[in-house]
Structure formats: C-alpha cells, structure tokens
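Here the structure is laid out as structure tokens; the discussion comes afterwards.
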Amino acid sequence: AAPVQVQLVVPIAVVFAPGSLPGDLPRPLPFRDVQEMEISVNVRTSVTSRYEMLYRSTTGQEEAALAAVTAREADAALHPLQDTTLGSLTMYVVPETSSLLPQGTNVYVGKHRSALVRAGGSLAALQARLREVTQVMSFTASSIAAALSDRVPDGQLSPDARRYLKSSLGYEITFSLLNPDPKSHTVDWDIEGAVNRYVKPVLDKLSLVANFSVDSQILYYAVLGVTPRYDKESSSFLLSAHSLPHVINPVEARLGSSAASLYPVLNFLLYVPERSHSPLYIQDKDGAPVSTNAFHSPRWGGIMVYNVEAPPSPQASLPLHVDVDMARVMEVFLAQLRLLFGLSREEVPPEFLLESPGNEGLADWELDHLLWAHTVENIATVSTTLTSLAQLLDKIGNIVIKDDVASEVYRAVASVQSAVTELSLGHLHAAFQASKEAVTSSERAFFDPSLLHLLYFPDDQKFAIYIPLFLPMAVPILLSLAKIVRETRQRKKEPTKMD
Amino acid sequence: FQDQAEQFLRSGHTNNWAVLVCTSRFWFNYRHVANTLSVYRSVKRLGIPDSHIVLMLADDMACNPRNPKPATVFSHKNMELNVYGDDVEVDYRSYEVTVENFLRVLTGRIPPSTPRSKRLLSDDRSNILIYMTGHGGNGFLKFQDSEEITNVELADAFEQMWQKRRYNELLFIIDTCQGASMYERFYSPNIMALASSQVGEDSLSHQPDLGIGVHLMDRYTFYVLEFLEEIHPASQTNMNDLFQVCPKSLCVSTPGHRTDLFQRDPQNVLITDFFGSVRKVEITTETVSLDRDVAGFESKFPEEELATEPLKYAEQLPVAQIIHQKPKQKDWHPPGGFILGLWALIIMVFFKTYGIKHMKHVF
C-alpha cells in the first residue's frame with residue numbers, strides 16, 4: 001500500500017479556574033506545551049497525533065460562567081466564550097472540591113467542544129485525566145486504526161472494527177413501515193412530520209460530513225423470515241438473538257434500493273407484528289428482552305419491532321387503528337444511525353458524565369470524532385487509489401490518459417497535499433473539505449471508463465497478428481537478399497580469380 | 001453458541017454479491033443458460049436479493065422459436081423444474097454480454113449513465129461469488145461466439161478490484177472445458193477458485209431431454225446444485241464439502257480448486273459466506289433522548305435547488321457535436337519503425353534485384 005504519513009494536530013486550551021492550580025506547575029501561566037503520540041498502523045502508514053496545549057487561567061467572564069449551579073448551565077454560559085473551530089477542545093479545570101460536578105464524577109463533557117475537569121492534585125494526575133478526556137473527545141488509536149482498516153494486517157484488528165460506515169460523499173436513508181397484517185392493523189405513521197421534527201436537525205448537523213437524502217415507504221404483507229416462538233411465562237412471542245440474522249433477507253428483496261442514487265443506503269424498518277404474533281419481543285443472547293425492541297446490522301440499517309397494545313375488548317372491530325408514536329420510534333432509529341456511524345457512548349470511563357445532545361442528535365465533539373476518522377480515511381484512500389493508478393499505467397505502457405483524467409489526477413494530488421498540510425496546522429474543517437475533494441477527483445480519475453485495459457493491445461498480441469501476415473511475404477525477400485549477398489561475394493572474388 | 005459466534009465473526013463480511021455470467025448464445029447451448037439460472041435460483045433462495053446479483057445471459061432460450069415449451073428453461077429431465085420462472089431479473093442480456101461489459105462490471109469503470117441494477121456496488125466488506133459457464137479452452141473463455149477473455153485479463157481485473165478493495169473475499173466458480181486454466185493466473189489475495197475440469201479435459205453435459213431436444217445441464221453444475229439444495233441459510237456446511245462435489249466417477253472430468261490465495265482455511269469458510277446473505281446483527285441498546293415538544297425545524301443550510309439535467313442514455317454519444325465537428329487536424333507523424341523498416345527492405349531488394357536504372361520508371 002502507498003505510504004501515508006499524516007500528522008493530526010489538536011489545539012487544546014486548558015483553562016484553570018481559581019483554586020484549581022496544581023502546585024507543581026513548571027512555569028507560570030500562560031504557557032504552551034506539546035505532546036506527541038505515534039499511532040503506527042503498519043510499516044508504511046503512520047499517524048502522529050500532536051496535542052498543542054495552551055495552559056492559561058480564566059478570564060473574568062469565564063469565572064462568572066463557572067459560578068453557575070450545575071455543570072450544564074456552566075457549559076451553556078461558557079459556550080459563547082469558547083473557540084468553536086472544528087477540532088479544537090477547551091477544558092476547564094475546576095477545583096477538587098467544586099460542587100459543579102456531582103459526586104463521583106471527575107469529568108463533565110458538554111455538548112459542544114468543552115469539558116469540565118476536576119483538578120487532581122498534581123500536574124501529572126491532571127495531565128493523565130486530560131489525556132483521557134482528549135481520547136474521548138477527539139480520536140483514539142483504535143478509531144484511527146479502524147479508519148485505516150484496510151491497511152492493518154489481518155488479525156490485528158478486532159473483528160468488529162470494520163463495521164462502521166465508510167466515508168462517502170452522501171448517504172441515502174430509507175424509512176420503511178412493514179405491515180404484515182393489514183386486515184388487523186391500519187397503521188398510520190406521520191413520517192414526514194417526524195422527519196421534519198426529529199431527523200432533520202440531526203442530518204443538518206451531519207451535513208458537514210456528507211449529503212443525506214431521506215425517503216420513506218410502506219410495505220404490506222412483508223413478513224419476517226423467522227417464526228417467533230411463544231413463551232408461556234410472559235405470554236408473548238420471542239425472537240431469539242441467533243435467529244435475527246435471518247430476519248433481514250426475505251425483507252430486503254422487497255425494500256427496493258433506490259434506482260437513482262449510488263450512495264450507500266441505510267434502511268430503517270419499523271415492523272408492526274401480526275395480531276396472531278403480538279406482542280413480539282426481541283431477546284438478547286442472555287435471554288433477556290431488549291428494552292428498545294430493536295436491532296441493527298452494520299453498514300445496512302436497523303429494524304425496530306413496534307407492538308400494538310391489545311384492544312380494550314377482544315371484540316373490537318378489525319382493523320384496529322394504530323397511531324405510531326413517532327418520537328419513541330425516532331429515538332431508537334437515531335440511536336441506530338449514530339451506532340452505524342460509530343458514535344457510541346458506551347466505552348466511556350465511569351467517572352465521566354456526558355451531556356446529552358438533545359434533538360441535535362450528536363455533540364459537536366462527536367462530529368469532530370467523525371471528521372477526524374473520515375479525513376484520515378479519505379487521505380489513505382486517495383493515496384491508495386493514485387498509487388494503484390500509477391501502477392496500472394506502468395503495467396500497460398501504451399495506455400492513453402485523456403486530458404480530463406490527467407487534470408483530475410493533478411487536482412487529487414493537490415487536494416490531498418493541502419489536506420495533509422491543513423491537518424498539520426490543526427484546521428480540521430479545511431482538511432476535511434480538501435480530503436473530500438481529493439477523494440472525488442481520485443475516484444473520478446480511477447474509474448474513468450476509458451481506462452479499460454482491454455482497449456490497449458500489448459505488444460505480444462500485435463506480433464501475434466502481424467507475423468502470420470508478413471512472415472510468408474518475407475520469405476521470398478529474405479531468400480532474394482541471401483542471393484544478393486552470395487552474388488556480391490562471388491563478384492568480389494571473381495576479379496581476383498580472373499587474373 | 002460461543003463457537004458459532006466466533007466462526008461467524010471470523011468471516012468479516014457485511015454483504016454479499018453475485019456475478020453470474022453465461023457466455024454462450026444459440027439454442028444448442030441451452031445447458032449453459034440453465035446452469036446459470038439454476039445457480040441464480042439457489043443464490044436467491046439462500047438470501048441474496050436481486051439488487052445484489054448481476055446476471056448476464058444471452059437470454060435467447062425461453063423465447064427461442066425452437067423451444068417446444070416457450071417461456072421456460074428447464075434444468076431437470078422430464079421438465080421437473082422451470083428455472084426461468086416469474087421473477088428472473090437479467091441485468092445484461094443478449095448482445096450486452098461482452099467481455100468489455102463484464103470487465104467494466106468487475107472493475108467499476110462504467111459510464112455514469114449506467115443504471116444501478118447493472119453495477120457491482122461492492123465495498124471492502126463484500127463477499128462476491130463469480131460464476132461463469134460456457135465454452136472455454138486452455139487459458140481463455142469464449143464470449144458469445146465472437147470474442148474471448150483470457151485468464152490474464154481476468155486476473156488483472158481481479159487485481160484492479162483488489163486495489164480498490166472492491167471485495168473482501170471472492171469465490172470464482174467456472175464450468176467450462178479446461179476450466180482450471182482460467183484460475184491459474186490469479187495473483188490477488190482472498191480468492192478461492194473452483195473449476196469443473198483440469199487443463200486438457202473437457203467438461204461434459206449431464207443429460208439430454210428428449211422432449212426439448214438438447215442437453216439440459218452440465219454435470220458439474222448439476223451436482224453442485226444437488227449439493228446446494230441441502231443448504232439452508234443457517235447451515236454450517238463448509239467449503240471442503242463443496243470441493244468433494246462431483247468426483248471423477250460422476251463427472252468424468254476432474255474438478256479442481258485453488259485455495260492458496262485465500263487467507264482463511266477452507267474448513268472455516270461456510271457455504272453461506274458466498275452463496276447466501278446472512279448478516280451480522282447487533283442488539284440496539286442505546287437510545288437518543290428527544291424533546292417531543294419541538295416545532296418544525298428551520299434548517300441552517302437551506303437546500304439549494306440544484307438544477308441537474310437528467311442523464312439520458314442516448315446522450316453518451318453526442319451526435320450533434322460529432323456531425324458538426326470539423327475534422328481534427330491530425331499532426332503528421334513520420335511512419336514508425338516497423339513499417340519504415342519493412343518498406344525500406346522491400347525497396348532495397350527491388351532495386352538490387354532489378355538494377356538502379358529502373359528507377360527512371362518510378363520518377
């Protein structure tokens with residue numbers, strides 16, 4: 001694979017509130033410090049992360065903001081005073097005894113790009129804690145390695161590291177309602193309203209990462225491929241965890257991926273079970289029912305089972321009218337969307353308190369998380385693509401590169417160089433945009449229809465065509481040549497002989 | 001259960017694709033179409049949807065005037081099973097099945113106006129099954145009686161796919177005469193190949209149907225299909241069993257296989273890794289907490305109405321531009337080496353033989 005050497009620079013501001021200064025500061029505030037860490041993926045790919053830390057004390061306004069009662073209010077008040085460029089982090093160190101953070105919590109991560117950290121005594125302890133915070137809020141070695149997953153030698157990556165969506169210019173989201181039993185249930189879902197109220201804010205925030213398009217459909221008589229079994233104790237039907245993989249296939253044929261878009265499709269299915277199989281619950285592998293009643297498949301989408309409440313009287317007239325509670329459904333679907341992108345909040349150390357991003361769906365630092373991973377992935381992809389294109393040209397010497405392919409290659413090279421430069425300067429947004437342009441150009445160059453090697457004849461095929469034509473023709477010529485040579489030689493000899 | 005989970009995780013793919021190619025046309029090659037359609041049916045039955053199958057057929061069997069049972073293609077004697085059925089989705093039919101299109105599908109170098117159903121949109125987590133059948137020879141496969149694809153070209157196409165990580169693992173099955181020659185030249189990783197016969201051997205057909213008048217299937221594919229009938233989406237049968245299918249006593253030819261490029265042990269590779277589409281799932285345990293009382297949303301980035309012109313297939317060839325184009329000034333190049341040398345040789349011989357004085361007849 002092509003060599004990739006990238007330096008990721010994260011500008012961090014560490015702001016000390018009064019009373020939180022550790023005793024063993026090397027220099028008086030403000031001062032700068034740099035910490036570097038190497039993430040080596042394989043022999044030719046290395047990513048260096050460089051944390052440029054600026055230690056300073058609070059300004060008057062920040063002090064006033066930190067005097068709030070709860071961490072959330074403090075965070076909200078501090079937000080306008082922060083550096084909001086993508087990729088940067090601000091950490092406010094509060095005194096050990098501060099009541100801003102609840103008991104047992106040492107770090108509060110806000111929904112923007114800041115965190116409140118409890119002072120830990122010495123500078124070393126504080127720095128260890130700050131490092132943990134940085135790992136959560138920007139990137140870790142494993143998230144970068146996952147982004148570069150096709151370069152990591154097999155066996156070194158955990159098997160679930162390659163399950164997140166690959167970086168793409170756009171994604172298409174399809175919401176489908178599956179009603180296998182229209183005779184019993186008439187299901188109404190206000191999908192348009194739900195998309196406007198709940199999904200659009202999230203997609204708006206993600207619009208920095210890619211273009212999203214949303215569509216929806218309703219499928220009737222679409223059944224799951226698995227028959228759930230009846231559980232007498234809970235008088236409900238259960239789908240066990242190991243039958244879940246077989247649920248998706250029979251449905252997928254009917255989903256119909258969009259004919260117009262070439263972007264990856266994410267399917268979110270809402271299944272309303274038949275009256276004869278209600279209520280239906282999903283079991284995890286320990287046999288416990290899943291609270292969300294939903295499961296998802298990496299790089300594909302998610303399915304949620306929506307149980308209809310039993311009618312008040314068994315003689316209620318069929319079909320029952322069902323009004324789907326879209327908020328509850330969207331809570332699950334949006335969580336699945338986050339998980340598909342790799343934004344999980346489950347691997348956070350226990351003394352961290354993460355602020356919920358509310359209707360925006362993801363915090364600013366989670367967006368940064370995605371951008372770091374996607375930028376690195378894009379740069380690696382462009383490098384591989386251009387190198388393999390160069391190798392193709394080496395192999396087939398007489399391939400013709402059209403002007404527009406050449407200009408795309410130049411543009412890709414310029415963009416990827418600019419992306420690497422911007423990363424080393426700490427400008428994540430500019431780096432991401434440059435990397436997106438680089439990917440677009442390099443893909444367009446590589447997949448240009450004119451580069452089909454079938455169209456260019458290697459020399460040995462040319463010989464194979466022309467030899468049978470010219471060889472018989474050449475036989476009399478060569479024989480005549482031989483005759484001429486013999487005659488000339490004889491004539492040269494004769495004058496001496498005639499003497 | 002833990003072992004099953006381990007094995008499952010080891011496969012590493014998240015989606016499955018199939019590229020099924022029948023490279024023959026004409027009525028007497030009925031068995032090749034029946035082969036391909038039978039594999040198509042099996043693959044669909046085991047879960048791969050039409051959107052993930054690229055089917056290339058000459059498709060001139062069902063409605064052939066010589067077909068005594070129109071609109072059907074049978075794979076078993078006595079017309080037991082009609083593999084043509086109601087929902088066959090042929091992506092490349094008739095004259096579209098060419099070497100160029102096949103290589104374009106594999107490498108992805110397709111004109112932008114090609115519809116989605118004709119594309120192989122695989123990614124680095126896709127397992128692809130490629131099945132080819134037809135007439136072949138030592139190192140080549142004949143396409144529609146007019147062109148050939150060589151094993152070198154096929155190996156290069158797979159390498160291009162690997163460079164762009166268009167597959168996770170690839171299973172290549174070929175049922176032609178001297179089929180093993182087609183996989184000799186592969187050099188990209190993660191490819192497993194099976195062939196119906198070795199170099200120098202012919203693959204034979206299975207059984208003629210006296211009612212239809214042609215041979216219905218080839219032996220190798222017939223026994224592979226019998227094997228696949230036992231497979232269901234949850235089965236744990238592995239590739240070693242597939243290698244044993246159709247021994248020489250049944251097949252007359254010796255089936256071959258190649259696994260040196262494949263990283264996993266064939267013992268651990270499930271048949272459904274390639275023929276079926278069993279997805280990895282995870283239970284969703286997190287939820288987002290949404291504020292329900294939120295009014296309509298004003299987007300920060302208002303959508304720009306991009307006036308994109310719909311791409312029309314006909315416009316790939318800009319006729320208007322070509323008609324009104326002035327002939328391009330081609331720079332004159334002196335004739336290149338071979339031609340120049342040849343003509344110099346001819347002229348020299350001519351004049352040496354007949355003498356210089358004849359030059360006056362030329363000028």
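No hydrogens, no waters, no symmetry mates; every other heavy atom, side chains included, goes into these values. Owing to the predicted nature of the structure, the values given are computational and were not obtained by experimental measurement. Below, chains carry the letters A, B, ... as their sequence lines are ordered, and counting in each starts from 1.
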So which of [options] has the biggest tally of heavy-atom pairs under 4.5 Å with chain B?
| options | value |
| --- | --- |
| A:R338, A:E443, A:R254, A:M304 | A:E443 |
| A:L337, A:N293, A:T292 | A:T292 |
| A:W300, A:F295, A:F447 | A:F447 |
| A:V247, A:L389, A:T488, A:D325 | A:D325 |

Please work out whether the ring planes of A:F470 and B:F338 are parallel, tilted or perpendicular, with thresholds of 30° and 60°.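 Rings of A:F470 and B:F338: perpendicular, over 60°.
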Does a side chain donor of either B:N16 or B:N127 reach within less than 3.5 Å of an acceptor in the other side chain?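 No, B:N127 and B:N16 have no side-chain donor paired with an acceptor closer than 3.5 Å.
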Would A:T385 and B:K164 count as having a side-chain donor-acceptor pair, cut-off 3.5 Å?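 Yes.
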Could you measure the distance from the [atom1] atom of [X] to the [atom2] atom of [Y]? Nearest 0.5 Å is fine.
| X | Y | atom1 | atom2 | answer |
| --- | --- | --- | --- | --- |
| A:M326 | A:R197 | CE | CZ | 9.0 Å |
| B:Q163 | B:Q160 | CD | CD | 6.5 Å |
| A:E487 | A:K483 | CD | NZ | 5.0 Å |

Measure [X] against the heavy atoms of chain B and call it side chain, backbone, both or neither at under 4.5 Å.
| X | value |
| --- | --- |
| A:S344 | both |
| A:I282 | side chain |
| A:H296 | both |
| A:K166 | side chain |
| A:I484 | side chain |
| A:L244 | both |
| A:N211 | neither |

Identify which part of [X] has an atom lying under 4.5 Å from any heavy atom of chain A, answering side chain, backbone, both or neither.
| X | answer |
| --- | --- |
| B:D123 | side chain |
| B:L342 | side chain |
| B:L290 | both |

Using a 6.0 Å distance limit plus a 45 degree cone around the ring axis, check whether B:R166 lies over the aromatic ring of B:W162.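 Because its charged atom misses either the 6.0 Å distance or the 45° angle limit, B:R166 does not stack over B:W162.
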Which pair of non-hydrogen atoms, one from B:V21 and one from B:F102, has the smallest distance, and what is that distance?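 Smallest interatomic distance, heavy atoms only, reads CG2-CE1, 3.5 Å.
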Report the C-alpha separation of B:T284 and A:Q336 in whole Å, then their side-chain angles, then the decisive distance to 0.1 Å, and conclude whether the side chain to side chain donor-acceptor pair (under 3.5 Å) test is met. CA-CA 7 Å; B:T284 312; A:Q336 287 178 336; 2.9 Å; yes
